[in-house]
Amino acid sequence: MTQSGINERGPRADTATEAFVTHRNLLFTVAYELLGSAADAEDVLQETWLRWVDVDLAAVRDRRAYLVRIVTRKALDRLRTLSRRRESYIGPWLPEPLLTTPDVAEDVELADSVSMAMLLVLETLQPVERAVFVLREVFDLAYEEIAAAVGKSQAAVRQLAHRARTHVAARRPRGTGSPAEHRAALLAFQRAVETGELQDLLDILAPDVVALSDGGGVKSALPRPVVGADAVARLLSTGWWRTDARRTVEPVQINGSPALLIRLDGEIDGVLAVHVDNGHVTGAYHVRNPEKLSHINRPTTVSR
């Protein structure tokens, strides 16, 4: 490096840092929606930063778009590796839950895009399809910007976007319940957990409700999905939640929606999130894997 380069390093680094900090929450959200893992999203942000500080900023016309391009490419590299790991994952895989602030729910589209139910749908897309869908449908990027981010032509990106939209539309949850409906559903779950009373729960479970539990092979969890209102209610009554430890249940905001934080003897044991459609629970997502609970102690900011 020339002496001139050394002298210019300070102001240049300050400018790079300012741009990165300005867009950090957006970059994290892009990475998280592509990976379904907050820990991996944080790693991708670190890799993005290391790449960003070596960029000639004078040649960058749109810093936000350039940063999104870097984070997308880094996330795609990691997503391909994660896809292979998940093939050998023990039991059902669920996204890593985020403790979010109440304002996230005010942006309905953002809250829907980071919901547990939607992240599970995104898992069924191919990596590049997922990136195109997220960048177009959630962050409203132009096809030109998306093409640069994923290394495809604009024509190819348009085809990928159409295919991904069709795929997601066929698999996405039927609807999104109101915050009041979510709270009512979770209250019924809470009563079932604390008292064993199941009638309120049976009243709000959809006939085809699906319950998923992720222990990652570390904590006991459901080895496979449980389907149907009677089966899910029976599961609760026969010991899904039973333990000798002292259990407390706390309402929280997870991934933009009301959820339950479960503690055993004061220690975080898991999170229960639900998807509600027309007042009925169609999906229940129980995360116990300790490696996925690190972002429950403090709120995580997501943004578009």
Side-chain angles (χ1 to χ4, degrees), residues 25 28-29 32-33 36-39 41-42 92-120 173 176-195 200-201 204-205 209-216 218-219 221-222 232 236 240-241 243 245-277 279-303:
N25 292 336
F28 173 85
T29 308
Y32 176 71
E33 293 205 21
S37 163
E42 293 285 3
W93 180 92
L94 287 172
E96 185 176 346
L98 300 177
L99 183 67
T100 51
T101 53
D103 62 292
V104 175
E106 296 173 7
D107 185 337
V108 176
E109 291 184 0
L110 177 62
D112 177 62
S113 72
V114 299
S115 69
M116 302 288 276
M118 178 55 76
L119 289 173
L120 282 173
T176 301
S178 67
E181 288 174 330
H182 271 91
R183 285 191 292 271
L186 287 164
L187 182 60
F189 267 97
Q190 186 171 350
R191 286 201 194 102
V193 171
E194 294 175 340
T195 69
D200 287 348
L201 188 59
I204 54 89
L205 290 177
V209 60
V210 178
L212 296 169
S213 183
D214 180 344
V218 180
K219 291 286 191 74
L222 302 174
V232 172
L236 286 169
W240 185 18
W241 299 92
T243 175
R246 185 173 62 87
R247 180 177 51 242
T248 59
V249 182
E250 173 189 351
V252 291
Q253 288 278 328
I254 295 293
N255 290 53
S257 296
L260 297 177
L261 176 62
I262 302 155
R263 298 178 188 270
L264 295 180
D265 290 332
E267 299 293 327
I268 294 176
D269 179 72
V271 167
L272 175 71
V274 297
H275 181 78
V276 178
D277 176 30
H280 289 86
V281 175
T282 58
Y285 315 106
H286 182 211
V287 180
R288 293 196 73 206
N289 185 347
E291 294 183 357
K292 294 186 176 183
L293 299 174
S294 61
H295 281 69
I296 299 302
N297 288 313
R298 64 190 185 282
T300 298
T301 303
V302 294
S303 67

Partners meeting side-chain contact (heavy atoms from CB on, under 4.5 Å) with [X] (sequence neighbours left out):
X: A38; value: F28, Y32, E96, L98, H295
X: H280; value: A206
X: I296; value: P97, I254, L261, I268, V271, L293

Straight-line distance of [X] [atom1] to [Y] [atom2], nearest 0.5 Å:
X: S257; Y: R183; atom1: OG; atom2: CZ; answer: 11.0 Å
X: L94; Y: Y285; atom1: CG; atom2: OH; answer: 8.5 Å
X: E42; Y: S37; atom1: CD; atom2: OG; answer: 9.5 Å
X: L260; Y: I262; atom1: CG; atom2: CD1; answer: 6.0 Å
X: L205; Y: T282; atom1: CG; atom2: OG1; answer: 10.0 Å

Heavy-atom closest pair, residues [X] and [Y]:
X: A211; Y: V232; value: CB-CG2, 3.9 Å
X: L264; Y: R288; value: CD1-NH2, 4.3 Å
X: A105; Y: Q253; value: CB-OE1, 4.4 Å
X: L272; Y: A284; value: CD1-CB, 4.3 Å
X: A188; Y: I204; value: CB-CG1, 4.0 Å
X: P95; Y: L119; value: CG-CB, 3.6 Å

### Task
May I have all residue pairs that pass side-chain hydrogen bond (donor to acceptor under 3.5 Å, both in side chains) and include part of residues 104-114, sequence neighbours excluded?
E33-S113, D107-R304, E109-R304, D112-R172

### Task
Could I get the full list of side chain to side chain donor-acceptor pair (under 3.5 Å) partners for N289, not counting sequence neighbours?
Y89

### Query
Between L110 and V302, is a side chain to side chain contact (heavy atoms under 4.5 Å, CB included) present by the stated rule, with each step listed?
CA-CA 8 Å; L110 177 62; V302 294; 4.2 Å; yes

### Task
Mind jotting down which residue pairs meet the salt bridge (Lys or Arg N to Asp or Glu O under 4.0 Å) criterion with at least one end in residues 252-264? Sequence neighbours excluded, please.
E250-R263

### Task
Please check if the side chain of T100 supplies one atom and the backbone of G256 the other of a donor-acceptor pair under 3.5 Å.
yes

### Task
Could you tell me whether D214 and K219 make a salt bridge, using a distance below 4.0 angstrom between a side-chain N and a carboxylate O?
no

### Task
Could you please spell out the steps behind the side chain to side chain contact (heavy atoms under 4.5 Å, CB included) verdict for L99 and V252?
CA-CA 7 Å; L99 183 67; V252 291; 3.9 Å; yes

